[in-house]
Amino acid sequence: MLWTYFHVSVPDANAPFRLMKADYVAEYLPLMPENYNLPNALLTAFGAYFHRKIRFIPISFKPRQGGTNSINIRKIVKIGRQALHDFCEIQKAAAKKRG
């Protein structure tokens, strides 16, 4: 979806760990709707979209030690549907900012 809306390719837009400077976050956070569900993915996409200096470092994770995934298929579909709508609106705001 990031390629479709922002024409950017990133290795893992929703990786669970990022290190960002506060001014970077402050610059792009206003482009997102309040209570947006995928802010990490969008902050990563903005880095590529606005040609910011970003670096991806491969990391590995141990397999889940216990418990179950808290997001079922129905929730994933609902999140995806909302993301499509949000990405369209956010892309318009980002394009306006980019000039």
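Values in this document were obtained by computation on a predicted structure and should not be read as measured data. Quick note: residue numbers are just sequence positions, from 1.
- Looking at heavy atoms from C-beta onward, K21 lies out of side-chain contact with E27 at the 4.5 angstrom threshold.
- When side chains are defined from C-beta on, M32 counts as touching P39, because their heavy atoms get closer than 4.5 Å.
- At least one side-chain heavy atom of F6 sits less than 4.5 Å from a side-chain heavy atom of L42.
- Between Y28 and F50, the ring planes are parallel. Angles under 30° get that label, and only those over 60° would be called perpendicular.
- The backbone N or O of F46 sits nowhere less than 3.5 Å from a side-chain atom of R52 that would complete a donor-acceptor pair.
- Listed for the Y5 side chain is no donor-acceptor partner under 3.5 Å among the backbone atoms of I90.
- Separation of atoms CG (L43) and CE (M20) is listed at 4.5 Å; rounding is to 0.5 Å.
- Looking only at side-chain heavy atoms (C-beta outward), L31 and K97 come within less than 4.5 Å of each other.
- Atoms CZ and CD1, on R74 and I79 in that order, are 13.5 Å from each other to the nearest 0.5 Å.
- Note that CD of Q91 is 13.0 Å distant from CG of D86, once rounded to the nearest 0.5 Å.
- At least one side-chain heavy atom of T44 sits under 4.5 Å from a side-chain heavy atom of F56.
- Between the NZ atom of K75 and the CG atom of N37 there is a distance of 11.0 Å, given to the nearest 0.5 Å.
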